[in-house]
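Notes to accompany the following structure.
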Amino acid sequence: NAGVTQTPKFQVLKTGQSMTLQCAQDMNHEYMSWYRQDPGMGLRLIHYSVGAGITDQGEVPNGYNVSRSTTEDFPLRLLSAAPSQTSVYFCASRVGTDYGYTFGSGTRLTVV
Amino acid sequence: SQQGEEDPQALSIQEGENATMNCSYKTSINNLQWYRQNSGRGLVHLILIRSNEREKHSGRLRVTLDTSKKSSSLLITASRAADTASYFCATDGSIQGAQKLVFGQGTRLTINP
């Protein structure tokens with residue numbers, strides 16, 4: 001099993017550009033989440049999903065969209081990149097409640 | 001806003017000593033989890049303790065939970081250099097039937113050889 005795979009690992013965007021961060025898991029997990037981590041801070045929840053076709057907002061959803069058309073994939077779209085979105089983005093999945101999350105290795109995004 | 005707050009923010013000890021990190025939270029929870037993050041890497045799940053449990057062990061890790069005080073502690077015994085990492089608590093609460101895992105800001109642990 002590959003676990004949670006995030007692509008790309010690094011990305012530089014210009015302000016105003018859009019892009020999609022990819023996240024895929026092969027563990028048949030229902031729950032998936034996107035977090036961002038900024039220096040000196042913990043992880044902040046952007047969006048999460050409790051199953052295919054079901055998504056909801058976390059703490060910091062503005063500027064991001066998600067969809068969950070399959071159990072395996074949970075892409076995060078940046079609509080119009082801003083320097084404030086410079087961060088490390090982590091995708092995570094778990095089989096259900098009362099279980100821990102498996103994290104991907106992260107995408108380091110810089111917006112210039 | 002973040003649910004959990006870890007204390008201390010940074011901790012430096014000698015190899016072989018025990019390390020204790022604390023986490024406080026604000027609202028009711030279903031469970032509380034601890035994660036480790038090595039520099040530049042993703043988070044690794046260490047242990048989960050349910051709201052009806054008071055103590056849990058896993059190898060050199062001991063976690064306690066006091067729901068009346070809304071606090072938890074993580075004890076790492078006989079620390080090793082490889083334990084150097086950031087440690088995060090995360091609370092799992094039920095909101096309108098959905099589950100969100102909310103992280104604290106972490107404790108940076110340094111084990112000195």
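Quick caveat, the model's predicted, so the values are computed rather than measured. So you know, we letter chains A, B, ... as the sequences are listed, proteins then strands, and number each from 1.
- Residue A:Y101 holds its OH atom at 12.0 Å from CG of B:L48, rounded to the nearest 0.5 Å.
- A continuous path of Ile, Leu, Val, Met, Phe, Trp and Tyr side chains, each step under 4.5 Å between heavy atoms, connects B:F103 with A:V88, placing both in one hydrophobic cluster.
- At a heavy-atom separation below 4.5 angstrom, chain A is approached by no residue within residues 52-82 of chain B.
- Note on A:F90 and A:M19: separate hydrophobic clusters, where clusters join Ile, Leu, Val, Met, Phe, Trp and Tyr whose side-chain heavy atoms are under 4.5 Å apart, directly or indirectly.
- A:M32 and A:L45 are members of different hydrophobic clusters when ILVMFWY side chains are connected at heavy-atom separations under 4.5 Å.
- Against chain B, the residues from residues 103-112 of chain A that qualify, each with a non-hydrogen atom under 4.5 angstrom away, are A:F103, A:G104, A:S105 in number order.
- A:Y64 and A:Y48 end up in different hydrophobic clusters when Ile, Leu, Val, Met, Phe, Trp and Tyr side chains are linked at under 4.5 Å.
- For the pair B:D92/A:R94, a side-chain contact is recorded, criterion being any heavy-atom separation below 4.5 Å from C-beta on.
- For the salt bridge (charged side-chain N to carboxylate O under 4.0 Å, His left out) test, residues two or more places apart in sequence or in another chain that qualify with A:D98 are B:R50.
- The closest side-chain heavy-atom distance from A:Y35 to B:L101 is below 4.5 Å.
- The 12-atom threshold is not exceeded at CZ of B:R108, counting heavy atoms of other residues, nucleotides or ligands nearer than 6.0 Å.
- Surrounding CD of B:E17 are more than 12 heavy atoms belonging to other residues, nucleotides or ligands, all under 6.0 Å away.
- B:Y35 is not connected to A:I46 by any chain of hydrophobic side-chain contacts under 4.5 Å among Ile, Leu, Val, Met, Phe, Trp and Tyr, and they are in different clusters.
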Tabulate below the donor-acceptor pairs under 3.5 Å that side-chain atoms of residues 36-46 of chain B make, not counting sequence neighbours, or state none.
from	atom 1	to	atom 2	distance (Å)
B:R36	NE	B:N38	OD1	3.3
B:Q37	OE1	A:Q37	NE2	2.9
B:Q37	NE2	A:Q37	OE1	2.9
B:Q37	NE2	B:R41	O	2.8
B:N38	ND2	B:T84	O	3.3

